[in-house]
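Below: the structure, in structure tokens.
Just so you know, these numbers use all the heavy atoms, side chains as well, and skip hydrogens, waters and symmetry mates.
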Amino acid sequence: QSVLTQPPSVSAAPGQQVTISCSASSSNIGNNYVSWYQQLPGTAPKLLIYDNNKRPSGIPDRFSGSKSGTSATLGITGLQTGDEADYYCGTWDSSLSVYVFGTGTKVTVL
Amino acid sequence: DVQLVESGGGLVQPGGSLRLSCAASGFTFSSYWMDWVRQAPGKGLVWVARINGDGSNTAYADSVKGRFTISRDNAKNTVNLQMNSVRAEDTAVYYCTRDPAFRVLTIRFDYWGQGTLVTVSS
């Protein structure tokens with residue numbers, strides 16, 4: 001079974017930056033694009049990044065994405081208290097024909 | 001505005017059945033893949049199933065294959081999830097999502113409903 005591994009938590013002070021890694025257990029997803037989702041407490045997830053590094057309309061450029069091989073990274077700069085949330089990566093596993101979400105990362109603003 | 005509104009959640013006994021529905025509005029429904037994603041209490045997101053625009057192509061997570069069936073009614077702009085032989089581990093909030101991608105390589109979920117809670121318990 002494919003797994004996307006993320007750190008359980010990251011934290012930083014307001015104004016600082018954080019990066020969240022998303023590492024695949026299988027090369028089956030290496031050719032596919034990664035998306036990132038933000039889930040604020042008690043709400044439905046929201047699309048933050050798609051196609052590895054594209055931002056939907058309305059998402060500030062403080063959020064950025066990148067991918068190299070079977071790993072992806074979400075960056076958040078100028079951290080705000082409103083960024084406290086759970087963040088998930090996700091991608092399609094072409095070999096298993098299933099969509100896989102990452103294990104999730106909780107961002108805390110100190 | 002795009003809206004996805006789920007309904008049909010509730011309490012169901014192990015081994016029982018439940019049918020979830022998602023009413024879509026604000027976009028050309030038949031042009032989009034639609035997916036269901038679930039989240040057990042305090043846990044992460046798990047993809048459940050997807051269906052293409054005309055309903056001819058579906059895919060399922062291994063954990064629900066053979067028990068759950070995704071379908072859609074493009075005349076009513078609804079996507080459904082028929083849940084049979086439910087288990088305690090199916091307890092979760094179920095989200096309806098829209099996928100605007102034309103290629104499987106670029107799947108993403110750009111709109112989400114508010115979710116409906118399914119509790120499997122005797």
Close side-chain approach of B:R50 and A:W92, heavy atoms under 4.5 Å: yes

Single-linkage hydrophobic cluster, 4.5 Å side-chain cutoff, B:M34 and B:V118 together: yes

Approximate separation, where rounding is to 0.5 Å, of A:D86 CG and B:K43 NZ: 12.5 Å

Gap separating the OG1 atom of A:T103 from the CG atom of B:L45, nearest 0.5 angstrom: 11.0 Å

Heavy-atom pair of closest approach, residues B:W47 and A:S97: CH2-O, 4.2 Å

Within-4.5 Å side-chain heavy-atom neighbours: B:D35 and A:Y99: no

B:V46 with A:L96, same ILVMFWY side-chain cluster at under 4.5 Å: no

Part of B:V37 lying under 4.5 Å from any heavy atom of chain A: side chain

Separation between OG of A:S94 and CG of B:L105, rounded to the nearest 0.5 Å: 5.5 Å

Value rounded to 0.5 Å, distance of CZ in B:R103 from CG in A:D51: 7.5 Å

A:Y88 side chain near B:Q39 side chain, heavy-atom distance below 4.5 Å: yes

Proximity breakdown for B:F109 and chain A, heavy-atom pairs closer than 4.5 Å: both

Which portion of A:P45 sits near chain B, non-hydrogen atoms under 4.5 angstrom: both

Chain A contact via B:Y111 - side chain, backbone, both or neither, heavy atoms under 4.5 Å: neither

A:V107 with A:I59, same ILVMFWY side-chain cluster at under 4.5 Å: yes

Distance in Å, B:R108 CZ paired with A:Y33 OH, rounded so as to fall on 0.5 Å steps: 10.5 Å

Mutual orientation of the aromatic rings belonging to B:W112 and A:Y37 [parallel < 30°, tilted 30-60°, perpendicular > 60°]: perpendicular

Joint hydrophobic cluster, B:W33 plus B:I70, side-chain heavy atoms closer than 4.5 Å: no

More than 12 heavy atoms from other groups under 6.0 Å of CD on B:Q3: no

